Amino acid sequence: MDRKKVIKLSNASVYQRENLIISAIDIEIFEGEFIYVIGKVGTGKTSLIKTLHAELPLADGKGEVLGFQLESIKDRDIPLLRRKMGVVFQDFRLLSDRNIKANLSFVLEATGWKRKDEIEARVNEVLQVVGMTEKKDKMPHELSGGEQQRIVIARAILNDPEIILADEPTGNLDPETSEEILDLFIRLNKEGKTVLMATHDYAVIAKHPARTLICAAGKLSDSEQNKSMIEFEDLLESNV
Amino acid sequence: MQQHKPKKIKKRFRNSWITSLVNITLILVLLGMLSFVLINARRLSEYVREQIGLTLVLKDDLKEVEIIRLEKVLSLSNYVKSTRYIDKETAARELSEELGEDFTGFLGQNPLFSSIELKLYAAYTNSDSLKMLEQKFLNYPQVEEVYFQKNLATLINENVRKISLLLLIVSGLLTFIFFGLINNTIRLLIYSQRFIINTMQMVGASKSYIRKPFLKRSLWLGGIGGVLANLILLSGIYFYQTELFGNINTTELQIVAVVVITVFTLGFVISLLSTWLVLNKFLRLKFDELFY
């Protein structure tokens with residue numbers, strides 16, 4: 001099957017400022033894949049995701065995301081890259097000065113949507129996907145963590161992105177809510193979106209096993225290339 | 001209860017803009033006063049220097065026609081501001097009044113000469129020009145003698161120069177401080193929204209799109225600040241006009257207009273410029289750098 005490559009890193013290194021976090025990364029991710037990134041705290045899961053949406057520069061090696069070369073991306077092209085991907089942040093990063101509706105319509109207006117009725121319709125649509133329609137007039141700080149997480153997911157899918165990067169989306173949620181959030185991602189994945197999800201929530205992986213990238217000891221290993229690690233129990237013991 | 005919270009936040013947010021507006025208005029008032037002082041200082045120094053007069057003592061046997069011709073030639077030149085012809089009789093009368101007794105009766109004749117008193121434009125009152133002009137006037141056949149107070153001229157020029165220099169240094173310093181104060185005010189406003197700016201970038205907003213509302217608000221800030229500052233200045237000028245303009249009978253309206261325009265322009269320029277600079281700084285920063 002000839003699938004489209006959406007992310008390709010070759011011999012890439014991830015730096016957080018001057019500190020080398022992960023080196024010699026070689027991965028290819030195809031359209032429609034569901035991928036976990038796991039690893040202990042501080043092993044570079046977040047830095048890897050930040051590198052993929054150009055928040056951290058790619059200093060070493062080559063990286064291509066949705067046709068953009070990460071190592072040479074120009075400042076003014078970064079917004080264009082980010083418009084093609086949805087990012088779900090660990091710390092939500094909602095615009096704290098405006099309500100949910102304004103948070104979502106900001107993204108649409110900033111990415112060139114002009115017509116008020118279209119914007120409103122799209123906002124309602126994504127809120128419905130995450131089941132948060134009644135909360136649209138609330139301020140972000142009035143929502144619980146799980147609710148904010150859903151809003152962030154809604155925001156991430158506004159522009160119908162090809163890739164969704166999620167950094168510990170179930171990090172501080174109760175098991176039930178985690179499951180709901182995971183179901184949301186699975187649904188989005190089934191619609192054809194590539195999902196890359198950093199997590200240390202193994203219950204999630206157990207429920208929905210998939211290709212897994214493991215960050216450990218400054219390296220990134222791929223469960224598909226190293227079949228011995230595909231056994232989840234092994235993985236739990238040996239790597240994390 | 002649920003309705004209260006956002007309102008409170010909005011109110012607090014609005015308050016910070018009002019505080020900044022008050023800040024900028026007050027600083028612009030000071031800037032306006034400074035420019036007022038500077039403009040007037042020039043006029044005042046001109047006024048003082050134009051008090052330096054030259055007296056041309058005329059030859060005794062001149063015909064009236066020739067004196068009138070000389071006066072005309074002088075007043076047509078570009079260095080003479082005003083001329084005043086004093087004939088023998090007037091001179092005698094003025095001197096008598098000054099002395100308090102009629103000396104012509106006592107002497108039996110009038111020993112004074114006719115003269116023309118000249119007031120020069122400020123630009124021609126420095127010592128060099130005065131010397132050159134003296135030479136020039138002495139070459140006129142009608143002129144017997146040229147008289148002016150050399151020391152007074154030098155003294156006035158020297159003092160005017162010193163005071164102007166001091167004023168220039170002080171106002172330069174003050175302008176610098178005012179710029180800094182407005183810049184700080186705006187920096188604080190934007191600093192308080194640095195995380196929002198960063199998040200906007202993360203969701204794919206371009207830099208220019210993020211800048212737009214900030215620049216628009218700073219235009220309002222500069223504009224409203226300028227209007228308020230001008231209102232304060234104008235009412236100040238209105239209530240103190242006699243004290244301010246009392247002894248300078250020039251085009252007051254022109255000065256006021258210059259001050260008003262200066263305040264307006266500076267309000268816009270400073271607030272836009274600092275918003276631009278500060279915004280660019282925060283647009284460049286990475287998320288992790290926002291905590292410092």
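Within every chain, numbering begins at 1; the chains are lettered A, B, ... in the order of the sequence lines, protein sequences first and strands thereafter. Quick caveat: nothing in here was measured; it's all calculated off a predicted structure.
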S.K.: For the pair B:K207 and A:D75, find out whether any cationic side-chain nitrogen is under 4.0 Å from an anionic carboxylate oxygen.
M.R.: yes
S.K.: Please report the shortest heavy-atom distance between A:P57 and B:K286, naming the atom on each side.
M.R.: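 Minimum heavy-atom contact is CD-CE, 4.2 Å.
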S.K.: Say you draw a straight line from CG of B:D288 to CD of A:Q16; how long is it, rounded to the nearest 0.5 Å?
M.R.: 5.0 Å
S.K.: Are any non-hydrogen side-chain atoms of B:I196 and A:R98 less than 4.5 angstrom apart?
M.R.: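 In contact.
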S.K.: What's the shortest heavy-atom distance between A:A110 and B:A205, and which atoms?
M.R.: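 Looking at all heavy atoms of both residues, the closest pair is CB-CB, 3.6 Å.
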S.K.: Distance-only, no hydrogens or angles: does the A:R93 side chain make a donor-acceptor pair with backbone N or O of B:T199 under 3.5 Å?
M.R.: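 No, because the side chain of A:R93 does not come within donor-acceptor range (under 3.5 Å) of the backbone of B:T199.
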S.K.: Does any backbone or side-chain atom of A:E109 lie under 4.5 Å from a heavy atom of chain B? Answer side chain, backbone, both or neither.
M.R.: both
S.K.: Give a yes or no on this: more than 12 heavy atoms of other residues, nucleotides or ligands lie within 6.0 Å of atom CZ of B:F291.
M.R.: yes
S.K.: Would you give the length of the straight line joining atom NE2 of A:H53 to atom CE of B:M202, rounded to the nearest 0.5 angstrom?
M.R.: 5.0 Å
S.K.: Considering only heavy atoms, which portion of A:R76 lies under 4.5 Å from any heavy atom of chain B: side chain, backbone, both, or neither?
M.R.: neither
S.K.: Given heavy-atom pairs under 4.5 angstrom as the criterion, report whether the side chain, backbone, both or neither of A:K50 touches chain B.
M.R.: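 Just the side chain, heavy atoms under 4.5 Å.
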S.K.: Just wondering, do B:S206 and A:R83 contact through their side chains at under 4.5 Å, heavy atoms?
M.R.: yes
S.K.: Calculate, to the nearest 0.5 Å, the distance between atoms CG and CZ belonging to A:D91 and B:F195 respectively.
M.R.: 9.5 Å
